[in-house]
Amino acid sequence: MDDILIRPARPDELTTVAALRWQWVQENDGTPVTTRDAFIQRFTDWARENASSHHCTVMLRGHAVIGMAWLAVTRRVPSPRTLDRASGDVQCVYVVPGERDGGLGGRMIDAVLELAHGMGLERVTVHSSDRAVRAYSRHGFGTSPRLLQADVAPPGRRSGPPASSVLPDRDRR
């Protein structure tokens, strides 16, 4: 593990990071809406345009990028108690298949949490795959009865049941 380096992604690595994102979707039977080349171009353009709010961390073994993680930062409404507020969301943590199950994903999670701490974020959330829930739990994530979500995507793009179908009958109004 001594030859592993975790650091912020450089602009010249965004194409490689985009290829990792493409690979991830392919592994999970995702159906692309575009070609690989068009996606990589769109992804790298997006990453450059959103660099102030989306921070990419990469993991390298030698000179090869073998993992990535993103921290999306959202400015929050000021409070009389805290004038400068922000929170974060961990996104797209990915380690290439041949490097998994050795703790590298956990090191990526720790690196993102360290970045969030250094930025003074109030909290960090994550929308995890079933496979990764235990890893996030081991690294300090827990469930919250107050952090709720609503799926507002068009019906054809929703990832789960409508919010009303997961609420107990007494809570549906």
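Remember, predicted model here, so these are calculated numbers, not experimental data.
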Next on the checklist: Among Ile66, Val65, Leu20, Ile6, exactly one meets side-chain contact (heavy atoms from CB on, under 4.5 Å) together with Val58. Which residue is that?
Outcome noted: Val65
Item to check | Results of ring pair (Phe, Tyr, Trp, His ring centres under 6.0 Å) for Trp46 - residues two or more places apart only | outcome: His54, Trp70
Next on the checklist: Taking salt bridge (Lys or Arg N to Asp or Glu O under 4.0 Å) as the cut-off, I'd like each qualifying pair that reaches into residues 125-136, sequence neighbours left out, listed once.
Outcome noted: Asp101-Arg131
Next on the checklist: Does this structure show an ion pair linking Arg100 with Glu27, if we count only N-O contacts that are shorter than 4.0 Å?
Outcome noted: yes
Next on the checklist: Measuring from atom CD1 of Ile109 to atom OG of Ser137, what distance do you get when rounded to the nearest 0.5 angstrom?
Outcome noted: 9.5 Å
Checklist entry - Which heavy-atom pair separates Val90 from Val126 by the least distance, and what is that distance? => result O-CG2, 3.6 Å
Item to check | Main-chain N/O of Arg10 paired to Glu13 side chain as donor or acceptor, under 3.5 Å | outcome: yes
Next on the checklist: For Val133 versus Ser128, what's the shortest heavy-atom pair and its separation?
Outcome noted: N-OG, 3.4 Å
Item to check | By ring pair (Phe, Tyr, Trp, His ring centres under 6.0 Å) - contacts of Phe39 (at least two apart) | outcome: Trp22, Phe43
Item to check | Distance-minimising heavy-atom pair for Ala69 and Val112 | outcome: CB-CG2, 3.5 Å
Checklist entry - Among pairs that include at least one residue of residues 108-117, which meet side chain to side chain donor-acceptor pair (under 3.5 Å), considering only residues two or more places apart or in two chains? => result Asp110-His139
Next on the checklist: If I take atom CE from residue Met59 and atom CG from residue Leu104, how far apart are they, to the nearest 0.5 angstrom?
Outcome noted: 4.5 Å
Checklist outcome for this item: Contacts satisfying side chain to side chain donor-acceptor pair (under 3.5 Å) that involve residues 74-90 (not counting sequence neighbours) are Arg75-Asp84, Arg76-Glu122, Arg85-Glu122, Asp89-Gln91, Asp89-Thr125
Checklist outcome for this item: In terms of heavy-atom contacts, Ala111 and Thr57 come closest through CB-CG2, 4.3 Å
Item to check | Pairs touching residues 33-42 that satisfy side chain to side chain donor-acceptor pair (under 3.5 Å), sequence neighbours left out | outcome: Gln41-Asp45
